[in-house]
Amino acid sequence: MDSCRCCDYVMKMMYLLLCLILLHGHAKASSPAMYVFGDSLADVGNNNHITFSLLKANFPHNGIDYPGHKATGRFSNGNNSVDFLADYLGLPSPPPYLSIKSNANKTQAFLNGLNFASGGAGVFDSTNQDHCLSFNQQINYYSSVFTTLAQQLGSTEAENHLSKSIFTFVIGSNDIFAYDPDKTKLTTQQYAQSMVSTLQGQLKTLYNLGARKFLFVGTGPIGCCPSQRAKSKTNECNAVTDNLSTQYNKGTSSLLNQLKSSLTGFSYSFFDTFSSLMQCIQNPASYGFTEIKAACCGLGNMNAKLACIPLSSYCSDRKKYMFWDPYHPTEIAAALLASTAVNGAPPLVFPINAMQLSAI
Ligand SMILES: *[C@@H]1O[C@H](CO)[C@@H](O)[C@H](O)[C@H]1NC(C)=O
Ligand SMILES: *[C@@H]1O[C@H](CO)[C@@H](O)[C@H](O)[C@H]1NC(C)=O
Ligand SMILES: *[C@@H]1O[C@H](CO)[C@@H](O)[C@H](O)[C@H]1NC(C)=O
């Protein structure tokens with residue numbers, strides 16, 4: 001009798017302890033997975049699988065600081081912003097969608113999170129067509145994922161999982177680079193407006209396919225990346241490109257605000273990459289940078305005349321450079337940005353940060 005009662009007590013205490021551990025774990029990471037859409041700033045290897053794409057990074061010196069010096073297809077010396085976003089949110093960085101093997105347990109792979117981002121992609125289908133998965137193509141792939149999950153788990157369980165997951169977006173820079181007033185006949189204002197209205201349809205489609213938590217990474221001061229500076233004799237930032245980027249960010253953040261008030265259960269976090277990077281550019285020393293203009297890897301003026309390919313030269317002090325190649329940040333700059341997006345405060349990230357979005 002006595003030993004049995006004791007046994008019962010021990011069991012009850014262990015059960016309570018287990019509940020406490022589970023509850024605590026749940027409170028820390030409420031989003032079960034991340035789904036990523038975007039361009040080369042977020043691509044973790046999809047383009048490796050696109051045979052005819054010229055927009056690849058699966059060769060040296062890319063990945064020189066990745067474990068094993070591996071060139072994974074990331075446009076970086078190491079990890080990219082999305083890897084750090086996932087890591088800081090306590091989630092695995094999701095694998096490239098195109099890397100999921102046909103013999104894998106797809107239901108399980110799809111539940112763990114997926115990255116659809118593809119170097120070169122834009123909100124417009126015409127942006128770098130044939131070299132990447134456009135944003136619409138990424139959404140089509142996600143739509144088939146949604147269908148599979150709903151079939152395998154039932155709609156309720158699939159929708160429950162997706163509604164708690166984080167949907168990350170890093171898109172728009174390539175459309176801005178593609179702006180050509182002679183070809184489009186649109187003013188920068190009209191062009192940015194056209195990007196935002198395209199985006200509106202795309203985000204609504206994703207909402208209709210179960211997405212609820214939108215983490216939107218705005219476009220940066222991309223007129224200040226080495227490739228754009230190199231177009232000016234004095235290595236100045238390209239004002240038209242930066243202007244377009246600002247207008248697109250303004251339009252996107254008000255779009256998100258509007259979607260939040262019209263769609264039930266929609267929540268978002270907008271990261272102002274533009275202002276965040278401008279702070280670094282204007283005050284490099286306080287962020288540990290000594291070079292914020294030239295690329296680390298490349299050739300010619302600003303290391304911007306050639307992409308980062310095996311022939312290119314590269315810097316040894318990669319923690320001191322803001323740009324890895326003519327278009328993309330170094331791993332250290334990506335980590336800095338992600339840390340602000342996850343744990344920062346308004347006005348750099350609003351109305352809530354990514355950690356708060358995850359906890360909803
Ligand atoms: C980059 O990601 C890999 C794989 O997750 C990890 O092993 C490595 O530590 C990361 N590097 C940094 C600097 O965080
Ligand atoms: C695949 O994964 C799902 C979700 O974890 C699981 O329910 C299912 O039993 C797995 N199927 C196989 C064939 O292992
Ligand atoms: C962008 O350029 C337009 C037209 O030159 C100007 O009216 C507008 O104020 C600029 N916007 C920003 C954010 O710099």
Side-chain angles (χ1 to χ4, degrees), residues 32-34 36 42-45 57 62-96 99-115 145 148-154 156-158 160-162 165 172 176 179 181 184 186-193 195-196 218-224 236-254 272-275 278 288 318-319 321 324 329-339 342 347:
M34 184 182 275
V36 180
D43 190 346
V44 291
N62 294 298
I64 189 166
D65 297 314
Y66 197 82
H69 308 296
K70 199 171 166 226
T72 57
R74 288 170 173 80
F75 296 77
S76 170
N77 54 312
N79 292 307
N80 67 26
S81 303
V82 164
D83 293 312
F84 288 111
L85 283 174
D87 187 29
Y88 298 159
L89 291 171
L91 294 168
S93 180
S99 74
I100 305 295
K101 301 272 190 297
S102 53
N103 62 352
N105 180 340
K106 289 206 172 158
T107 307
Q108 190 52 54
F110 291 177
L111 282 172
N112 290 344
L114 294 165
N115 187 323
V145 165
T148 302
L149 287 178
Q151 278 166 355
Q152 299 297 312
L153 310 171
T156 310
E157 201 180 325
N160 183 40
H161 170 80
L162 295 169
S165 298
I176 296 171
Y179 174 68
T184 73
L186 298 179
T187 65
T188 57
Q189 210 170 359
Q190 290 165 330
Y191 191 80
Q193 187 46 53
M195 285 175 69
V196 173
T219 50
I222 54 178
C224 299
E236 298 300 320
C237 299
N238 184 315
V240 174
T241 306
D242 279 345
N243 177 302
L244 247 179
S245 182
T246 306
Q247 294 193 57
Y248 170 69
N249 285 326
K250 272 193 188 148
T252 300
S253 64
S254 51
D272 184 354
T273 311
F274 196 105
S275 304
M278 272 326 266
R318 293 179 288 280
K319 295 217 154 111
Y321 276 65
W324 162 241
T330 49
E331 176 178 57
I332 191 90
L336 184 68
L337 291 172
S339 143
V342 171

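Residues: numbered from 1 along the sequence shown. Start at 1 and go down the list; that is how both ligands and their atoms are numbered. Below, all heavy atoms of this structure are taken into account, side chains as well, without hydrogens, waters or symmetry copies. Here the structure is a predicted model, which is why all the values come from computation and not from measurement.
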Problem set entry | Donor-acceptor contact below 3.5 Å, side chain Asn112 vs main chain Ala109 | no
Exercise. How far is atom 1 (C) of ligand 2 from its nearest protein heavy atom, and which residue and atom is that?
Worked result: Asn105 ND2, 1.6 Å
Problem set entry | Thr273 (side chain) donor-acceptor with Thr219 (main chain) under 3.5 angstrom | no
Problem set entry | Per-atom contacts, ligand 3 versus Gln247 - under 4.0 Å to a heavy atom | 1 (C)
Exercise. If only atom types and distance count, is the side chain of Ser339 paired as donor or acceptor with the main-chain N or O of Ala335 below 3.5 Å?
Worked result: no
Exercise. Any protein heavy atom under 4.0 Å from atom 5 (O) of ligand 3?
Worked result: no
For this session: Starting from atom 11 (N) of ligand 3, locate the nearest protein heavy atom and write down its residue, its atom name and how far away it is, to 0.1 Å.
Result: Asn243 ND2, 3.0 Å
Exercise. Any side-chain heavy atom of Leu153 sitting closer than 4.5 Å to one from His161?
Worked result: no
Seminar exercise, completed: the protein heavy atom lying closest to atom 12 (C) of ligand 1 turns out to be Asn79 ND2, 3.2 Å
Exercise. Looking at atom 9 (O) of ligand 2, is any protein heavy atom nearer than 4.0 Å to it?
Worked result: no
Problem set entry | Distance from atom 13 (C) of ligand 3 to nearest protein heavy atom, with residue and atom | Thr246 CG2, 3.6 Å
Problem set entry | Option among Thr330, Asn62, Asn77 that satisfies the side chain to side chain donor-acceptor pair (under 3.5 Å) test with Trp324 | Asn62
For this session: Please round to the nearest 0.5 Å and tell me the distance separating atom CZ of Phe110 and atom CG of Leu162.
Result: 11.5 Å
Seminar exercise, completed: Per-atom filter on ligand 2: closer than 4.0 angstrom to a heavy atom of Gln108 are 2 (O), 4 (C), 5 (O)
Seminar exercise, completed: Note: ligand 1 atoms sitting under 4.0 Å from heavy atoms of Glu331 are 11 (N), 12 (C), 13 (C)
For this session: Give a yes or no answer on whether the side chain of Tyr179 reaches the backbone of Leu186 with a donor-acceptor pair at less than 3.5 Å.
Result: yes
Problem set entry | Pro67 heavy atom under 4.0 Å from ligand 1 | yes
